[in-house]
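Data first, discussion second: the structure below is written as structure tokens.
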Amino acid sequence: MALNVLGTDLIACCYEPLTGFYRDGFCKTELEDSGTHTVCAVMTKEFLEFSKQQGNDLITPIPMYKFPGLKAGDKWCLCATRWLQANKAGVAPAVVLEATHKKTLDFIEFTSLLEAKF
């Protein structure tokens with residue numbers, strides 16, 4: 001079982017919309033996940049607009065990839081580096097620590113995650 005940033009078993013981030021690199025609801029990661037989609041975050045309008053401005057539109061649905069598009073309040077597995085970038089810009093979304101994979105700690109300090117706890 002994968003562990004979260006608290007050192008306990010990783011719980012699911014979200015099943016609706018279905019998130020995770022493997023689209024299994026979990027922010028799990030392996031070598032093929034080059035983006036390290038490990039941060040379970042609660043989307044905000046500010047973050048979604050920021051991400052779109054950075055070239056990653058998470059708002060617009062893409063049916064061919066079964067991507068519904070996200071809205072404020074949705075939980076989603078974010079790339080650790082995108083969350084860190086948003087945090088530095090002051091628009092990082094809240095984090096569900098129990099659903100955030102321990103690999104995140106390779107990129108983000110635990111105290112930063114704790115300050116953003118959902």
Side-chain angles (χ1 to χ4, degrees):
M1 184 70 175
L3 297 178
N4 60 36
V5 294
L6 300 171
T8 58
D9 288 345
L10 185 71
I11 66 167
C13 179
C14 190
Y15 294 113
E16 187 60 42
L18 191 57
T19 191
F21 180 76
Y22 298 101
R23 293 297 190 263
D24 62 358
F26 289 82
C27 298
K28 298 185 296 190
T29 189
E30 294 293 335
L31 292 175
E32 62 268 17
D33 178 15
S34 60
T36 316
H37 297 77
T38 57
V39 179
C40 180
V42 182
M43 298 297 97
T44 63
K45 182 180 177 187
E46 295 79 13
F47 172 78
L48 291 168
E49 287 297 330
F50 172 81
S51 186
K52 187 174 182 178
Q53 291 169 359
Q54 303 306 308
N56 186 19
D57 181 0
L58 297 173
I59 300 168
T60 305
I62 307 172
M64 69 186 253
Y65 293 116
K66 297 181 182 176
F67 179 70
L70 302 177
K71 62 187 180 313
D74 287 342
K75 292 179 186 169
W76 196 249
C77 295
L78 295 179
C79 295
T81 54
R82 174 68 74 208
W83 187 91
L84 185 59
Q85 183 184 39
N87 192 47
K88 290 178 180 176
V91 294
V95 174
V96 181
L97 299 176
E98 297 84 357
T100 297
H101 193 280
K102 70 176 183 174
K103 180 75 173 168
T104 303
L105 298 174
D106 290 351
F107 302 90
I108 304 168
E109 291 185 28
F110 180 72
T111 53
S112 295
L113 295 170
L114 198 56
E115 290 170 3
K117 181 180 178 189
F118 177 69

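In what follows, every heavy atom counts, from backbone to side chain, and hydrogens, waters and symmetry copies are set aside.
Residues satisfying the side chain to side chain contact (heavy atoms under 4.5 Å, CB included) test with Ala89, not counting sequence neighbours, are Phe50, Val91. For Ile62, the side chain to side chain contact (heavy atoms under 4.5 Å, CB included) partners two or more places apart in sequence, or in a different chain, are Met64, Tyr65, Phe67. Every ring pair (Phe, Tyr, Trp, His ring centres under 6.0 Å) that His37 has, sequence neighbours left out, goes to Phe21. The side chain to side chain contact (heavy atoms under 4.5 Å, CB included) search around Leu114 returns Leu97, Phe110, not counting sequence neighbours. Under the side chain to side chain contact (heavy atoms under 4.5 Å, CB included) criterion, Thr8 pairs with Asn4, Leu6, not counting sequence neighbours.
Of the options Thr100, Val96, Val95, a side-chain contact (heavy atoms from CB on, under 4.5 Å) to Phe118 is made by Val96 and by none of the others.
To the nearest 0.5 Å, the span separating OG1 on Thr36 from CG on Leu31 amounts to 10.0 Å. Between atom CG of residue Asp9 and atom CE of residue Met1 there is a gap of 4.5 Å, rounded to the nearest 0.5 Å.
More than 12 non-hydrogen atoms from other residues, nucleotides or ligands lie less than 6.0 angstrom from CD of Gln54.
When all heavy atoms of Cys14 and Pro17 are compared, the closest pair comes out as SG-O, 3.4 Å.
Counting only residues at least two apart or in different chains, salt bridge (Lys or Arg N to Asp or Glu O under 4.0 Å) contacts with residues 46-60 are absent. Applying the salt bridge (Lys or Arg N to Asp or Glu O under 4.0 Å) rule to pairs touching residues 99-108 yields Lys103-Asp106, sequence neighbours excluded. For residues 71-118, every residue pair satisfying the disulfide bond (SG atoms under 2.5 Å apart) rule, not counting sequence neighbours, is listed here: Cys27-Cys77. Evaluation of the salt bridge (Lys or Arg N to Asp or Glu O under 4.0 Å) test over residues 64-87, restricted to residues two or more places apart or in two chains, returns Lys71-Asp74. Within the structure, salt bridge (Lys or Arg N to Asp or Glu O under 4.0 Å) pairs that include any residue of residues 11-27 comprise Asp24-Lys28 (at least two apart or interchain).
Hydrophobic clustering (side-chain heavy atoms under 4.5 Å, transitive across Ile, Leu, Val, Met, Phe, Trp, Tyr) groups Trp76 together with Ile59.
Cysteines Cys40 and Cys13 are disulfide-linked, with SG atoms closer than 2.5 angstrom.
Put simply, the side chain of Leu105 reaches to within 4.5 Å of the side chain of Leu113, judged on heavy atoms. Residues Leu78 and Phe47 form a side-chain contact, since some pair of their non-hydrogen atoms from C-beta on lies under 4.5 Å apart.
Put simply, the side chain of Thr104 gets close to the backbone of His101: a donor and an acceptor are under 3.5 Å apart.
Here Leu3 sits alone; no ILVMFWY side chain lies under 4.5 Å from its own, so it joins no hydrophobic cluster. Cluster partners of Leu10 are Tyr15, Leu18, Phe26, counting Ile, Leu, Val, Met, Phe, Trp and Tyr whose side-chain heavy atoms approach within less than 4.5 Å, directly or via other members.
Side-chain contact, Thr38 with Thr29: no donor N or O sits under 3.5 Å from an acceptor N or O.
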